[in-house]
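Only one structure is covered here, and it is reproduced in the block below.
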Amino acid sequence: MNAQPITNGGNTIFIPGATSGIGLALALRLQAKGNTVIIGGRRAELLEELAREHGFATVAIDTTDAASIRSAATEVIARHPDLNVLVAMAGIMRIEDWQSADGFLADAEAVVTTNVLGPIRLIAALIEQLRSRPDAAIVTVSSGLAHTPLRPTPSYNASKAAIHMLSESIRLQLADTSVRVLELVPPAVATDLLPGQAQSPFAMPLDAFADEVISLLETQPEAHEILVENVKFLRFAEVRGDYDQVVGTLNTSDPHAGA
Ligand SMILES: NC(=O)c1ccc[n+]([C@@H]2O[C@H](COP(=O)([O-])OP(=O)(O)OC[C@H]3O[C@@H](n4cnc5c(N)ncnc54)[C@H](OP(=O)(O)O)[C@@H]3O)[C@@H](O)[C@H]2O)c1
């Protein structure tokens with residue numbers, strides 16, 4: 001299949017998790033390329049403000065809630081029957097201390113529910129719609145931390161490793177359909193994902209990251225993974241054979257590593 005780059009325009013793209021950060025930065029750029037973009041999230045006031053400011057279609061959705069996902073998906077399909085791209089962006093990151101249950105269990109459950117069950121339920125709610133379109137895509141969002149662990153965030157790292165393998169696996173199942181599976185693999189990017197992350201000197205500036213992603217979507221439409229240069233250090237550590245060294249460097253240079 002000769003996939004059309006999403007950046008060519010003419011797509012109808014649903015991005016649950018676009019009220020801020022990477023989702024919003026990509027929503028703005030994808031809309032500017034001539035796509036219809038529907039943004040989703042829990043913060044209703046922000047959704048209204050972004051709709052007013054930028055003309056996005058919006059839907060309120062809490063991706064930890066199966067019923068909310070189903071009703072948001074039904075609403076999006078009813079209003080936008082051409083929907084052909086899902087970007088499963090919504091995610092959280094929590095710092096955990098695994099030396100006692102109180103230090104991690106509630107956060108671990110929230111991370112798995114949001115970052116793993118959320119995308120699974122979103123895909124379940126939309127796969128038949130996507131399959132009905134002649135050229136469709138699911139964009140999953142993993143992380144460089146799927147491949148190299150950051151010490152304070154075990155469940156987050158594991159949730160993103162799950163998303164990586166889920167993406168690899170469903171791509172095989174959907175190979176003979178009209179639905180492509182792309183995995184966005186961000187490095188540390190300056191957003192509000194964690195307190196202090198937006199100011200972290202270790203994080204890539206959001207605009208630079210989003211511009212590089214758009215350029216990769218344009219120039220490498222057949223790529224399975226969207227890999228900006230900065231993430232290759234983490235993504236390919238094991239492949240290069242310098243995994244232990246990269247784990248060490250990450251866990252001494254990232255400002256959150258000492259948390
Ligand atoms: N920034 C990084 O360094 C980095 C690196 C690798 C991967 N990522 C991934 O990129 C994605 C976006 O993160 P970000 O960095 O842009 O952080 P962010 O600014 O905190 O954005 C997170 C987005 O997810 C939404 N969200 C969170 N929980 C949700 C829920 N239960 N229901 C619906 N929406 C929910 C938030 O919307 P509401 O609060 O309005 O619900 C917000 O729009 C995440 O999957 C994250 O894991 C980020």
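In listed order, ligands and their atoms are each counted from 1.
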Problem set entry | Ion pair check, E222 and R180, cut-off under 4.0 Å | no

Problem set entry | Residues lining ligand 1 [heavy-atom distance under 4.0 Å, listed by chain and residue number] | G17, A18, T19, S20, G21, I22, G41, R42, R43, I61, D62, T63, T64, M89, A90, G91, I92, T114, V141, S142, S143, Y156, K160, P186, P187, A188, V189, T191, D192, L193, Q197

Exercise. Hey, is R29 close enough to D207 for a salt bridge, meaning N to O under 4.0 Å?
Worked result: yes

Exercise. Going from OG1 on T140 to CD1 on I170, what distance comes out if it is rounded to the nearest 0.5 angstrom?
Worked result: 7.0 Å

For this session: Return yes when atom CZ of R240 has more than 12 non-hydrogen atoms of other residues, nucleotides or ligands closer than 6.0 Å, and no otherwise.
Result: yes

Exercise. Under 30°, 30 to 60°, or over 60°: which ring-plane class applies to W98 and F104, parallel, tilted or perpendicular?
Worked result: parallel

Exercise. Does E168 CD have over 12 foreign heavy atoms under 6.0 Å away?
Worked result: yes

